[in-house]
Number of protein chains: 2
Amino acid sequence: MHVLVVEDDESVASSVMEGLATANLGATLVGSGTEALRSFAELSPDIVLLDLGLPDMDGTDVCRSIRSTSSTPIIILSARDDEIDRVVALEIGADDYLVKPFGMRELIARIRAVVRRSSTVEPESTKSLRNYGPLSIDSRSRRVTLAEVEIYFTPKEFDLLDYLSRDAGAVLRRAEILRNVWETNWYGTTKTLDAHVAAIRRKLGDPGWIVSVRGIGFRFGLPE
Amino acid sequence: MHVLVVEDDESVASSVMEGLATANLGATLVGSGTEALRSFAELSPDIVLLDLGLPDMDGTDVCRSIRSTSSTPIIILSARDDEIDRVVALEIGADDYLVKPFGMRELIARIRAVVRRSSTVEPESTKSLRNYGPLSIDSRSRRVTLAEVEIYFTPKEFDLLDYLSRDAGAVLRRAEILRNVWETNWYGTTKTLDAHVAAIRRKLGDPGWIVSVRGIGFRFGLPE
DNA sequence: CTGGCCTGTGAGGAGACCGTCACAATGAAC
DNA sequence: GTTCATTGTGACGGTCTCCTCACAGGCCAG
């Protein structure tokens, strides 16, 4: 991860650089718009922190210029706190707009949020198609195959299996499962959950796919 | 574009809904966490605006719950203005954090910025001419041929088939289909969708092209 | 060992859902 | 105005889902 910081105010710049270093993010500092564009082309940073008040050119022009050739994330840092400034910045392609003075932890958090969003790699747990040995679960098409044979699951059964399998290996509490799969936190008869687990076990053949953890809930994983 | 708004304060909710309508963004409003999770599952919105102060459950739990199954953008709306709140929200997966009161234009600009960033990958489904085995769908000339033979579809039938086939293999929810093909976010006990699906099936001969997924919606794909 | 609590299982019924159909509303063509 | 294609709606019946209940069996503490 490398951050390009464009900022001419030395005190702001030094605290930002320090904050980035603390968060283990590599960074390069430049103090003008022309330097910014040159460094951007040279470094191909993962994100740009851009001050709007630069000595040589308008910050929005720097932003536009970068946007014309790249979709690298840009976070605007500015002393101006008017809504119209924020709207304009976001409309010309900035990803976020932070008003000075800002906290370092918030800056880091916003950097992470923007980079997380812009890097296309999806985390394993939210992938549409997941495989567990011979078992394959595709949440996009809502189909399950075991050893290449498709097995039909009812809506609730599928939702439950899908939810449990996203956290394969972890014990999930009954209340948590009910909340997330039944989308309500009503704790009626908890036998409903048992009944659906039983149905899934029956269809998967080996009951070891879903293990009961007495007093807590259930755990999904490959049978041993 | 469809926005799910989770907000229990009526005055905030109504101004947000109005702002979204002005910006030509379809929206659904719910006032509790439970409803939020249910509506999220049903509607598959493009973005969620989430108030942290909900009557029935903690907003951060709603955020986490959505994140556990989806990467849909989330913007937090909150009255709390402490840095630590913003940091926590961003770290559990929110994409942005807006402090009340906020301007409508800024909200819209931030929605656009976040959605722009999250939907960079254009799937090939936007292609005008698509082939699925012997079936060929040309959305530019609005013609469909099956085994080189042209089949006539009425406007609505074509729109529906076109929409379903763009996401071949995926299960599309009834509410989502109604929203996108009928351009209304009213969904209830209507047989309209079923009637049109039946008509398409009749014309395609093999009913396997469009499979019903009970309780969810329909899935388009090559018959087995 | 024993009692209490937790879990597994099967049956059953209320209600939800889907396919089909007939018919009404709509609107364009003539 | 008439006609016709298209689209929306509601009723109906068959089927499926899911919640609940009752009972059996297992696990753990005392």
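Residue numbering restarts at 1 for every chain, and letters A, B, ... go by the order of the sequence lines.
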Extract, from 5' to 3' on DNA chain C, the first and final nucleotides lying under 4.0 angstrom from some heavy atom of chain B. C:dA16 to C:dT20

Nearest-Å distance for atom pair OH/P, residues B:Tyr152 and D:dC4: 16 Å

Go through it in stages, so that I can follow the logic: the residues are A:Asp162 and A:Ser139, the test is side-chain hydrogen bond (donor to acceptor under 3.5 Å, both in side chains), and I'd like the CA-CA distance, side-chain angles, deciding distance and then a yes or no. CA-CA 7 Å; A:Asp162 188 47; A:Ser139 54; 4.5 Å; no

What is the distance, to the nearest angstrom, from the CG atom on A:Asp194 to the P atom on D:dC21? 14 Å

Who passes side-chain contact (heavy atoms from CB on, under 4.5 Å) against A:Arg67, sequence neighbours left out? A:Ile74, A:Asp95, B:Arg117

Considering only nitrogen or oxygen atoms on both sides, find all protein atoms under 3.5 Å from nucleotides 28-30 of chain D and state each distance.
none

So what does A:Phe158 hit on the nucleic acid, given a heavy-atom distance under 4.0 Å: a base, only sugar-phosphate, or nothing? nothing

Does D:dT7 have OP1 or OP2 under 4.0 Å away from a side-chain N or O of B:Thr154? yes

Quickly, which of B:Ile75, B:Thr60, B:Val6, B:Ile66 forms a side chain to side chain contact (heavy atoms under 4.5 Å, CB included) with B:Leu50? Name it, please. B:Val6

I'd like to check the side-chain contact (heavy atoms from CB on, under 4.5 Å) partners of A:Asn180; sequence neighbours left out, ordered by chain and number. A:Tyr163, A:Glu176, B:Ser65

Could you work out, with ring-ring contact (aromatic ring centres under 6.0 Å, His included) as the rule, every residue matching A:Phe220, not counting sequence neighbours? A:Tyr132, A:Trp209

All side-chain contact (heavy atoms from CB on, under 4.5 Å) counterparts of A:Glu91, not counting sequence neighbours: A:Val87

Suppose we screen for side-chain contact (heavy atoms from CB on, under 4.5 Å). Which residues come up paired with A:Arg142, at least two apart in sequence or across chains? A:Pro155, A:Phe158, A:Asp159, B:Val171, B:Arg173, B:Val213, B:Ile216

Would you mind classifying the nucleic acid contact of B:Arg202 as base, sugar-phosphate or nothing, using non-hydrogen atoms under 4.0 angstrom? nothing

Let me test you: for the helix from C:dC1-D:dG30 to C:dC30-D:dG1, what is the angle between the axes at its two ends (five pairs each), rounded to 10 degrees? 30°

Distance check needed: D:dC27 P versus A:Ile216 CD1, whole Å only. 17 Å

Does a side-chain N or O from A:Trp182 land closer than 4.0 Å to OP1 or OP2 of D:dC19, or not? yes

For residues 200-222 of chain A, which residue pairs pass the salt bridge (charged side-chain N to carboxylate O under 4.0 Å, His left out) check, not counting sequence neighbours? A:Glu157-A:Lys203

Can you sort out the partners of A:Asn24 under side-chain hydrogen bond (donor to acceptor under 3.5 Å, both in side chains), two or more places apart, ordered by chain and number? none

Interatomic distance where CD belongs to A:Glu157 and P belongs to D:dC19 [whole Å]: 11 Å

Residues A:Ile177 and A:Leu160: closest non-hydrogen pair is CG2-CD1, 3.5 Å

Any residue meeting salt bridge (Lys or Arg N to Asp or Glu O under 4.0 Å) with B:Asp58, in chain and number order, not counting sequence neighbours: none

Rounded to whole Å, please give me the gap between CG in A:Leu161 and P in D:dC18. 13 Å

For D:dC19, does either OP1 or OP2 sit under 4.0 Å from a side-chain N or O belonging to A:His196? yes

Tell me whether the side-chain N/O atoms of A:Thr192 come closer than 4.0 Å to OP1 or OP2 in D:dC18. no

Please tabulate, for the side chains in residues 143-152 of chain A, all donor-acceptor contacts under 3.5 angstrom to protein atoms that are two or more places apart in sequence or on a different chain.
none

Closer to the 5' end of DNA chain D via nearest nucleotide, is it B:Leu193 or B:Phe153? B:Phe153

